[in-house]
Amino acid sequence: MPSLLQSCQKENELVVNFSGKVLIIGAGSAGMMAAYTFQQYGIDFALIEAGPTFGGRVKKTMTFTDFPLDLGTEWLHDNPKTLDEMINDPNAQGNIEMISYQPESIANWDGSELSYVNVGFQFYREYKFKNTTWHDFFEDFIVPSIASKMVFNEPINTIDYSFGQVTATSSNGTTFTGDKIIITVPAALMKQEVISFTPALPSTTQDRFNAIDVPPGIKVFIKFNTKFYPDICSVDTTVPDDKIYFDGAFKKGANDNLLTLFYVSDNARELTDLSDAEVFTTVMAELDQMFNGQATQNYISHVIQNWSNEPFIQGSYSFSGAGNIPPLLKARFTLLAKLIRMG
Ligand SMILES: Cc1cc2nc3c(=O)[nH]c(=O)nc-3n(C[C@H](O)[C@H](O)[C@H](O)COP(=O)(O)OP(=O)(O)OC[C@H]3O[C@@H](n4cnc5c(N)ncnc54)[C@H](O)[C@@H]3O)c2cc1C
C-alpha cells in the first residue's frame with residue numbers, strides 16, 4: 001500500500017439510528033463526500049446532479065497537457081493526511097503522490113514593472129497532486145462506492161418538505177422522494193433562488209445565502225515552447241492575491257510548459273464577461289507586456305475555464321462576512337448540520 005494511504009484508518013464508528021433515505025442535491029465534492037459517508041455508515045441515499053457528470057468545480061482535462069490538469073480546484077490547502085481522513089478506509093488501495101508547493105522564483109507585476117522577490121522562508125504551506133488531480137482523487141477513491149446511486153442530468157428546481165417526506169423535482173419532471181435532504185448547490189445559485197421550496201425557506205435562511213459573496217472566477221491555461229516566466233507572479237489589483245500567474249507544470253515532472261492564470265474576485269469580471277477569444281487576446285497582451293513579447297513568440301495553445309459561465313456553478317467560490325469559507329474539505333464535517341438544517 002502506498003505511503004499516503006498507510007494511515008488511512010477508519011474513524012471511530014458512529015452509532016447510526018437513522019433508517020430512512022437521504023436525497024443529496026449536487027454531485028460536487030460536498031455532495032460526493034456526503035454520499036460516501038452515508039455509504040460507509042449504511043445510510044440509504046440518492047445523489048442527484050444537474051449536469052452530465054460528477055465533480056462540479058472539481059474538473060480535469062487529460063488532453064491539453066502531458067499531465068492531467070485541474071481546471072478548477074487545484075491546491076490542497078491542508079496536510080495531505082486530510083486525504084486519508086476523507087477516504088477513511090484502511091482497505092483503500094492506490095497511489096497519491098503530492099507536491100509540496102514551494103515556488104522558488106516569485107515575482108510581482110505592478111502594471112509597468114516586473115520585480116522578483118527573494119523569500120528565504122517557506123512561502124506557501126500547500127500541496128498539489130503530482131501525477132493526478134483532485135478529480136482523479138474523487139474518481140478513484142470516492143466515486144466507485146457511490147456510483148450506483150448517482151443520477152445525472154436532473155436539475156432540481158422544486159423541493160417540497162411540507163409533510164413527513166421530502167420531494168425534489170427536476171426540470172425534467174422527475175421526482176425523487178426521501179426522508180431528509182442535503183443541498184450542495186453552489187451559493188451563487190441559492191442566492192438566485194433557482195430552487196423553489198414548499199413551504200418557502202425562512203427569510204433568515206435566504207438572507208444568509210444572500211450575505212455570501214461569490215465573486216466571478218476564471219482560469220486560463222497557456223502552453224508555451226519554453227518557460228520564460230517565474231514559478232509564480234502576482235499582479236497588483238485592488239484585491240490582494242486575486243490575480244496570479246503561475247507555472248502550472250511546477251514539479252509535475254512534465255515536458256510541457258504551462259502558464260496558468262488564476263483570477264477570482266469582482267475584478268475578474270473584466271475577463272469573465274468577455275468572449276473566450278477576447279479573454280485570450282487580453283491575457284496575451286498583458287503577458288507580452290510583462291515578458292517583452294515572449295508570450296506571442298512562444299505560444300502553442302490554450303484552454304479557458306470560465307467558471308462564471310458554467311450554468312450550474314455561475315461563479316468562483318464563497319466568501320462569507322467572516323472570511324473565506326474553507327472550501328472542499330469541510331464537506332464531510334458539516335454533514336450533520338446540513339442534515340438538520342435542510343431536513
Ligand atoms: C477557479 C477556482 C479555483 C479553485 N481552487 C481551489 C483550490 O485550489 N483548492 C480548494 O480547496 N478549492 C478551490 N476552489 C474551490 C472549490 O472548487 C470549491 O469550494 C468546491 O469544489 C465546491 O464544492 P461543492 O460540492 O460545494 O460545489 P460544486 O463543486 O459547485 O458542486 C455543486 C454541484 O451541484 C450541481 N448543481 C447545481 N445546481 C443544481 C441543481 N439545481 N440540481 C442538482 N444539482 C445541481 C452542480 O452541477 C455541481 O456539480 C476553487 C474554485 C474555483 C472556481
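Ligands are counted one by one from 1 in listed order, and the atoms in each one are counted from 1 as well. Since the structure is predicted, the reported quantities are computational estimates derived from the model, not experimental observations.
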Under 4.0 Å from a heavy atom of [X]: which atoms of ligand 1 are those, numbered in the order shown and with their elements?
| X | value |
| --- | --- |
| I313 | 30 (O) |
| I25 | 42 (N), 43 (C) |
| K219 | 1 (C) |
| W307 | 1 (C), 53 (C) |
| I48 | 43 (C), 44 (N) |
| G28 | 25 (O), 29 (O), 31 (O), 33 (C), 49 (O) |
| L189 | 37 (C), 38 (N) |
| F262 | 3 (C) |

Quiz item: If every non-hydrogen atom of V185 is compared with every non-hydrogen atom of M190, which pair is closest and at what distance?
Solution: O-CG, 3.8 Å
Exercise. Identify the two heavy atoms, one from K251 and one from K130, that lie closest to each other, and give their separation to 0.1 Å.
Key: O-NZ, 3.1 Å
For ligand 1, is there an atom lying under 4.0 Å from some heavy atom of [X]?
| X | answer |
| --- | --- |
| W134 | no |
| P155 | yes |
| V194 | no |
| G55 | yes |

How does [X] reach ligand 1, if at all, at less than 4.0 Å between non-hydrogen atoms: by side chain, backbone, both, or neither?
| X | answer |
| --- | --- |
| D70 | neither |
| F312 | both |
| R57 | both |

Indicate whether the side chain of [X] and that of [Y] have a donor and an acceptor atom separated by less than 3.5 Å.
| X | Y | answer |
| --- | --- | --- |
| T238 | N267 | yes |
| T82 | N79 | no |
| T174 | E154 | yes |
| T296 | D288 | yes |
| T65 | D256 | no |

Evaluate [X] for polar contact with ligand 1, using N/O atom pairs at a separation under 3.5 Å.
| X | answer |
| --- | --- |
| H77 | yes |
| S316 | no |
| I156 | yes |
| V58 | no |
| W75 | yes |
| E74 | yes |

Quiz item: Should the ring pair Y161 and F197 be called parallel, tilted or perpendicular, given that the plane angle runs from 0 to 90° and is split at 30 and 60?
Solution: perpendicular
Quiz item: Which of parallel (below 30°), tilted (30 to 60°) and perpendicular (above 60°) describes H135 and F54?
Solution: parallel
May I ask you to check whether [X] and [Y] place their ring centers less than 6.0 Å from one another?
| X | Y | answer |
| --- | --- | --- |
| F246 | F262 | no |
| H302 | F64 | no |
| F280 | Y299 | yes |

Exercise. Would you mind finding which of A30, G26, A188 brings a heavy atom closest to atom 26 (O) of ligand 1?
Key: A30
Practice problem: Can you figure out which of T53, V185, N157 has its heavy atom closest to atom 39 (C) of ligand 1? | Solution: V185
Quiz item: In terms of side-chain geometry, is the basic nitrogen of K149 or D44 positioned less than 4.0 Å from the acidic oxygen of its partner?
Solution: yes
Exercise. Verify the cluster assignment for V151 and I183: are they in a single hydrophobic cluster under the rule of side-chain heavy atoms below 4.5 Å apart?
Key: yes
